[in-house]
J.: 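Sharing a structure, written as structure tokens. Questions coming.
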Amino acid sequence: MKWIKIFNPIHVIMGLVLIGVGGDLLFHDHYFMWPPGADTYINSDLIGGWGFLTGVGLVFAGMRKYMPIKANLVLLVFASTFWGFETFMELMHSIIFYDPGRMLALFFEGLGYLLLTFLMIRESPTQKRSDIERKE
């Protein structure tokens with residue numbers, strides 16, 4: 001499609017992954033089993049909505065030629081905190097329920113996405129040019 005311009009493909013890719021994972025959590029109401037009672041106070045709809053909306057924001061940011069620096073930083077911080085939370089929960093599920101297969105694999109997948117968001121924060125314009133020049 002000629003009319004779609006992607007100016008930052010890494011943002012779009014991360015956004016699509018967040019939309020997928022967030023959408024999955026939106027439709028699985030009892031995904032989190034740990035800590036006890038997690039289905040009542042760690043609502044997977046809330047976590048899924050967090051990931052889904054952050055993903056939509058990142059896709060939108062990736063398709064814009066100019067993105068405000070603060071908005072980009074907020075989106076990347078939301079993405080990294082989502083992946084940090086998701087990675088921690090997968091590791092705890094793997095340890096507590098001794099599920100070294102699926103949950104441990106999802107832990108490493110989430111850890112990879114977390115490290116990728118840290119790289120995105122480092123490489124994306126998340127500071128004003130004058131702040132960068134002062135540090136150097």
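These figures come from a predicted structure and were not determined experimentally. Counting from 1, the numbers follow the sequence of the chain as shown. Values below: every heavy atom of this structure, side chains too, minus hydrogens, waters and symmetry copies.
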J.: Pair Thr117, Tyr113 - check side-chain contact (heavy atoms from CB on, under 4.5 Å), show working.
T.: CA-CA 6 Å; Thr117 57; Tyr113 286 125; 5.6 Å; no
J.: According to the interplanar angle, ranging from 0 to 90°, do the rings of Phe85 and Trp50 count as parallel (below 30°), tilted (30 to 60°) or perpendicular (above 60°)?
T.: tilted
J.: Cluster question for you: counting only ILVMFWY and a side-chain heavy-atom cut-off of under 4.5 Å, with indirect links fine, are Phe60 and Val12 together?
T.: no
J.: Using side-chain contact (heavy atoms from CB on, under 4.5 Å), reason through Trp83 and Val21 one step at a time and then give a plain yes or no.
T.: CA-CA 10 Å; Trp83 287 119; Val21 172; 3.8 Å; yes
J.: Would you kindly confirm whether Phe78 and Leu111 end up in one hydrophobic cluster when ILVMFWY residues are joined by side chain heavy atoms under 4.5 Å apart?
T.: yes
J.: For Glu90, does its backbone N or O pair with a side-chain atom of Ser94 as donor and acceptor, under 3.5 Å?
T.: no
J.: How long is the span from the CZ atom in Phe88 to the NE2 atom in His93, to the nearest 0.5 Å?
T.: 10.5 Å
J.: Rounded to the nearest 0.5 Å, how far apart are CZ of Phe108 and CG of Leu114?
T.: 13.0 Å
J.: I need the minimum non-hydrogen distance between Ala61 and Leu75, along with the two atoms involved.
T.: CB-CD1, 4.0 Å
J.: For a side-chain contact (heavy atoms from CB on, under 4.5 Å) check, start with the C-alpha distance between Leu106 and Glu86, then their side-chain angles and the critical distance, and finish with the verdict.
T.: CA-CA 9 Å; Leu106 291 172; Glu86 185 67 23; over 6 Å; no
J.: If Ile, Leu, Val, Met, Phe, Trp and Tyr residues are connected whenever their side-chain heavy atoms lie under 4.5 Å apart, and connections chain through other members, are Phe7 and Leu73 in the same group?
T.: no
J.: Indicate the atoms forming the closest heavy-atom contact of Ala79 with Leu58, along with that distance.
T.: CB-CD1, 4.0 Å
J.: At their closest point, which heavy atom of Ile19 faces which heavy atom of Phe52, and how far apart are they?
T.: CG2-CE1, 3.5 Å
J.: Transitively linked via ILVMFWY side-chain contacts under 4.5 Å: Ile13 with Val59?
T.: no
J.: What's the spacing between Ser80 OG and Leu115 CG if we round to 0.5 Å?
T.: 11.0 Å
J.: At what distance, to the nearest 0.5 angstrom, does CG of Leu25 lie from CG of Leu18?
T.: 10.5 Å
J.: Considering all heavy atoms of both residues, which atom of Leu76 and which atom of Ile121 are nearest to each other, and what is their separation?
T.: CB-CG1, 3.5 Å
J.: To the nearest 0.5 Å, what is the distance between CG (Leu104) and CG (Leu91)?
T.: 7.5 Å
J.: Can you confirm whether Phe107 is buried at CZ, in the sense that more than 12 heavy atoms of other residues, nucleotides or ligands lie under 6.0 Å from that atom?
T.: yes
J.: I need the minimum non-hydrogen distance between Gly62 and His11, along with the two atoms involved.
T.: CA-CB, 3.9 Å
J.: Show your working on side-chain contact (heavy atoms from CB on, under 4.5 Å) between Ser124 and Met67 and close with a plain yes or no.
T.: CA-CA 11 Å; Ser124 289; Met67 184 69 182; over 6 Å; no
J.: Can you tell me how far the OG1 atom of Thr54 sits from the CE atom of Met14, to the nearest 0.5 Å?
T.: 11.5 Å
